[in-house]
Structure formats: C-alpha cells, structure tokens
Undergrad: 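Structure below; questions to follow.
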Amino acid sequence: MPLKLHDTLSRADLELRPLDGKTLRFYCCGPTVYGPAHVGNFRTFVAQDVMRRVVEASGTPTLHVRNITDVDDKTIRDSQKAGQTLADFTRGWTEKFHADCDALNLLRPHVEPSAVAHIPHQIAMIEKLAATGHAYAAADGSVYFRVSSFKDYGRLSHLEDRELRLGASESASATDSDEYSKDSLTDFALWKARKPEDGANYWPSPWGEGRPGWHLECSAMILEYLGEDFDLHSGGVDLIFPHHENEIAQSCCSTHGRFAHHWMHVAHLMVDGGKMSKSLGNLYTLEDLRQRGYSAAEVRYVLISGHYRAPLNFTFHSLDSARQALQKLAKADKVLALLAPNLSPASPGPFQDAWDTLLNDLNVPGALGGIFGGLNKLKPATLTAEEAASARNGLHFMLGALGIVLPPVAEETVAEVPADIQALAQQRWDAKQARDWATADTLRKQLETAGWLIKDSKDGFQVLPK
RNA sequence: GGCGAGGUAGCAAAGUGGUAAUGCACUGGUCUGCAAAACCGGUAUGCGCGGGUUCAAUUCCCGCCCUCGCCUCCA
C-alpha cells in the first residue's frame, strides 16, 4: 500500500506513486546558510525525512534533492560582516547544517546542489523566459517575471489576482528600492542587477552583472536534477506563497512540464504559543538545546510528535516528555532483545495498524500511539522466540520509518559519581545491612537532595543521577 | 479584508456517525524494611460556543467566538 499524502494544490489526500513507476523523485527547499538553522527549520526537514523513510520502507526507492541557498541578501550581508568571502562564509554554515542534520538522524539528500554552482542554469532559464515574453529587463539591468503572463499564477496559494494586488500595494512603501522599475508590483525578480553593496558577489549575464533572484535557483536546479515533471515538492507552509508560486510560474513557462505533481507543506513550529523569532528570544538552535542537556534524538522525537500539518507548540516540558517516551521504547526493546537478539526489521509485524496509520498522510502521532499500545499488549513472559522476533523486528521497522534511534537505557549509563556521594551511598548500604533503617533513610534523603538516587538490588546498590 | 491551519483530559496529541488511542504528569495496588524499577489498575459522561440533521454527533450541516500562520525576507 502506498503512502497517501495531502497535496496542497488539490487539497486532497493523494496516493504517492512514482511517475516513472520506480523511483519517487522529490525536491525540498533547503536552508539559506547564513547562520545556524533553528528547530523550527528542522521541523520541516525532519517531516520530509519521515516522508522519505516511509516511502522507502514501503519499498519505493527515492531520489531526494535539497538545495543550499548560498547567495542572497542575507548571506552577502553577513559574510561581509564576518569579513569572509561569500564562499568561505557559506561553506562554514553548510558544514554546521550537515552536522546538525546528522545529529538529528536525517538521511542525506542524494543531491544537494548549491545556487552559486548553478548560475549558468539559472541564466539559461531566464533567457527562455525572456524569449517567450514571460520575462523582461528593466532599465537598471534587473530582470523580472511578468506575472500577468501566466494565467495559473496563484493556484497553489489560492490567492486571486485582486488579493495579490492588495497585498502588494500594502507593502509597496516598504518595497526595496532596487525594485522600482517593475512593470507590476506583483512581478518578481529573476535577476538582480549588481549593486555597490554586493561587493565581489556578482556574475556576468546577458543583462549585465548581477546575481540570480531567490526563487529561480530552485526552478533551475529542479530542471537539472529532476526534469520538467517530478513527483513531489516540499517545504514549510510559509513558502507556498510566494516562493513556490513563483517556482511554478518560472518552470511552467520555461518548460513543457507540469513541474511538481504533488505538494507537501509542513506547518510551523511554535514556541510558547507563538511564532519563534529572534526578537522574542524564543528561537532555539540544536546547540542551545544540547547545552540545556537535551539530546538531538529527544529534539527529533518532539518534532515528529505532532502531525506535520498541524502547528506544534515546542516546550521544554515536551522535551522531558520525549526523554521518558524514548526510555520506555528502549526498555521495551531491551526486554524483547533477550528473546530475539538478532534483528531483521523488514515488516511491521504486530505493528501493522501503526504502519497503516503512518501511511495515512504521515500520521506520526497516531503511529506512535499504535506502537505504545502494541507494546502494552505484549506480554514478554508469554512470548515464543518467534513472536518476540516478530515484535522486535516490527518495532524496529517502525522506528526506522520514523528515524528514531533508541537511547541507552538509563540505568545502564555509567555516570560519574563523585567520591563523597559514593561514600555516602556506601554508608547507607552499610546502615541498611545493619537494619538501621532510620540512618539509611536519612542518608537516602541526603543523597536525593544532592541530586542522586539509590537503586537497591539483592546484593548491592547503584547510584544514579536524579 | 482574503487565504490557510487549529481549538479534544493538568500538559502534549491521535481518532471516529454509535457513546473517546497514546506519551508525560498525577494516582491506587502488587513487590520492597522504605524506595527505585517492573507489572496490574485509575484519572475527559467529555471533545471551543449556539443551533440544526439523525434512532444516535465530539465526528455531518449552519452561524458565532478564540488561537496561529501566510498575503513578495521567512522552514
């Protein structure tokens, strides 16, 4: 059974079947590398990762393309602030992005093209658009797309022509000075003429020196790596308009294809009930959360714990909750591993319901519920080796589809226990052996206050961080 | 104003035309000197508000309220 996925354009849940009958080819809008990505950015990438894993787990190979935006106003501005060349600056942040992605267990895209490396492709696309009347050059050497030349403009975002004008006129006063020469306020830049503040960051073109507009890179690189028609395009909801709308216009007017056949958009991550933003100080990077003691796996768990199309509120409580949930899964796996030490997770086994739920528009919260529900029903003591193997393989099949890596079970992690704590714990054990309960309890409380828990067993004790 | 996504237990979050998964937290029991862990239970007569359709609605329809996002920087 193929994945059924909501399509933004048709507003319907449609089955994802590869156009070529073999490989699901899809494109995701990647990061602009001018700083560390925040968890909100990663929510989108994690959702896309789950989509890819589910498609692959259901037996369909994928071709995953995700770009790196390494030239735009922000990258240029911040590279200059940092006193670095654009290339050096963006390379550093790209590496940081990759490290974060790896930590979050995101599968690397098969192709990760950069905008700067595809400027000829972008120029070629503009030339096509200009030759067919969809693009025009302004006096300053900038080139714009003529929105009125594409009758389907606005279909993805369901914005009518009149509404577009309204929105444009409202922001007209704030319009960038370099866009004064557009024929219509709704037209958007394909090529931006060189400005003094661009520094060394300009490229030659038939219209003079300058640099490509943001929307264009995706269209050009999609054409290069996925062709005129491909299966799926994805990004955050905020990209629906104008970015994806513009991509459709550029691509459909410069090729004979239909562009993406399916659109997947991921809802925003909220913080404390609102949008995260630098000015509110509620913007967290993976690094921020790690410094607070959370693991990337815990962050990932939080990010997938809400349906991708619903806004998700991010809190520290949800990270704590994720930690416990992961421990629960790890413990369940440990018990099953006693009976079934060898893994070959090829099918959902007893978690078929959870798998079916996941195939229904990537219902991850529902699937997680199914996994826990299934585990609760399992009685390890009564399982045969075959049943245990089926359960454990099924569990790992599901975890693999969700990209969840189980943490070590907490009691097994060896914590650094300070000598004085260890000594106190020993005293308590001795008191206990002497059946001096009062002293033992006093010492236990003392240790607890210091942040340590004592776990007794028949012939010894363990000191654990609280 | 237009478009879109949401409002379900303390928190988070699924779901369904027939009377509410799951995780966290809390809590009762078994076990333990006491704990911890584990295991067995409990915790929404209720699913934003008001109408309507129906034998039956949280689930369908209508109206309203609230939250969030987008409307040319934005995952």
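No experiment lies behind these values; they were computed from the predicted model shown. In what follows, every heavy atom counts, from backbone to side chain, and hydrogens, waters and symmetry copies are set aside. All chains are named by letter (A, B, ...) in the order of the sequence lines, taking the proteins before the strands, and each is independently numbered beginning at 1.
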Undergrad: On a whole-Å scale, what distance lies between the P atoms belonging to B/G63 and B/G1?
TA: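 The answer is 16 Å between these two P atoms.
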Undergrad: Would you call the rings of A/Trp263 and A/Phe259 parallel, tilted or perpendicular, where under 30° means parallel and over 60° means perpendicular?
TA: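 Rings of A/Trp263 and A/Phe259: tilted, 30 to 60°.
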Undergrad: Counting only side-chain heavy atoms from C-beta out, which of B/U72, B/C34, B/A75 sits nearest to A/Thr186?
TA: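 Per side-chain heavy atoms of A/Thr186, the pick is B/U72.
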Undergrad: Which nucleotide wins on minimum distance to the side chain of A/Lys455, given the candidates B/G33, B/G23, B/A36?
TA: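 Selected nucleotide (nearest to the side chain): B/A36.
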Undergrad: Can you check the A/Asp72 CG to B/U72 C1' distance for me, whole Å?
TA: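 A/Asp72 atom CG is separated from B/U72 atom C1' by 14 Å.
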Undergrad: Report the base-pairing partner of B/G6 (Watson-Crick or G-U wobble, both distances below 3.5 angstrom), or none.
TA: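 Across all strands, the one nucleotide that pairs with B/G6 is B/C66.
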Undergrad: Mind checking the C1' distance from B/U59 to B/G7? Whole angstroms is fine.
TA: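 Taking atom C1' in both B/U59 and B/G7, they lie 15 Å apart.
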Undergrad: Could you tell me whether A/Asp361 and A/Arg309 make a salt bridge, using a distance below 4.0 angstrom between a side-chain N and a carboxylate O?
TA: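 The answer is yes: the pair qualifies as a salt bridge.
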Undergrad: Residues of residues 354-365 of chain A with any non-hydrogen atom less than 4.0 angstrom from an atom of RNA chain B: list those, numerically ordered, please.
TA: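 Those residues are A/Asn363, A/Pro365.
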Undergrad: Which nucleotide sits closest to the side chain of A/His317: B/C73, B/C24, B/C34?
TA: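 Selected nucleotide: B/C24.
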Undergrad: From C-beta outward on A/Leu269, which listed nucleotide comes closest to its side chain: B/A75, B/C34, B/G23?
TA: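 In terms of side-chain proximity for A/Leu269, the closest of B/A75, B/C34, B/G23 is B/A75.
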Undergrad: What is the pairing partner of B/U59, taking Watson-Crick or G-U wobble pairs with both distances under 3.5 Å in any strand?
TA: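 The base-pairing partner of B/U59, which may sit in any strand shown, does not exist here.
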Undergrad: With respect to the side chain of A/Asp238, which nucleotide from B/C24, B/A38, B/A75 is positioned closest?
TA: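 Selected nucleotide: B/A75.
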Undergrad: Can you say whether the rings of A/His215 and A/His243 are parallel (under 30°), tilted (30 to 60°) or perpendicular (over 60°)?
TA: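 Correct class here is tilted.
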Undergrad: More 5' along RNA chain B: A/Leu453 or A/Gly30, using each one's nearest nucleotide?
TA: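 Closer to the 5' end of RNA chain B: A/Leu453.
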Undergrad: Just name whichever nucleotide pairs with B/G46, Watson-Crick or G-U, keeping both distances under 3.5 Å, else none.
TA: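 Per the H-bond distance test, none.
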Undergrad: Separation of A/His38 atom NE2 from B/C73 atom C1', in whole Å?
TA: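 Going from NE2 in A/His38 over to C1' in B/C73 covers 12 Å.
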Undergrad: Measure the distance from CD on A/Gln446 to C1' on B/A35 and round it to the nearest whole Å.
TA: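 Rounding to the nearest Å, CD of A/Gln446 and C1' of B/A35 are 16 Å apart.
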Undergrad: Closest approach to the side chain of A/Asp441, judged atom by atom: which nucleotide of B/A5, B/C34, B/C70 is it?
TA: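 Taking heavy atoms from C-beta onward, the closest nucleotide is B/C34.
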Undergrad: Starting the side chain at C-beta, find the nucleotide from B/A25, B/A13, B/C3 nearest to A/Leu312.
TA: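 Output: B/A13.
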Undergrad: Does A/Arg444 contact B/C34 through a side-chain donor or acceptor facing the base, at a distance under 3.5 Å?
TA: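 Donor-acceptor pair under 3.5 Å: yes.
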Undergrad: May I ask you to establish whether A/Arg66 and A/Phe45 are in a cation-pi arrangement, using a distance under 6.0 Å from NZ or CZ to the six-membered ring centre and at most 45° from the ring axis?
TA: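 Judged by the rule, A/Arg66 and A/Phe45 form a cation-pi pair.
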Undergrad: By salt bridge (Lys or Arg N to Asp or Glu O under 4.0 Å), which residues pair with A/Asp7, not counting sequence neighbours?
TA: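 With sequence neighbours excluded, A/Asp7 shows a salt bridge (Lys or Arg N to Asp or Glu O under 4.0 Å) to no residue whatsoever.
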Undergrad: Taking atom types as modelled, is there a side-chain donor on A/Thr75 or A/Asp72 under 3.5 Å from an acceptor on the other?
TA: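 Indeed, the side chains of A/Thr75 and A/Asp72 share at least one donor-acceptor pair under 3.5 Å.
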Undergrad: With the threshold set at 4.0 Å, does a side-chain nitrogen-carboxylate oxygen contact exist between A/Arg53 and A/Asp49?
TA: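 Salt bridge flag = yes for A/Asp49 with A/Arg53.
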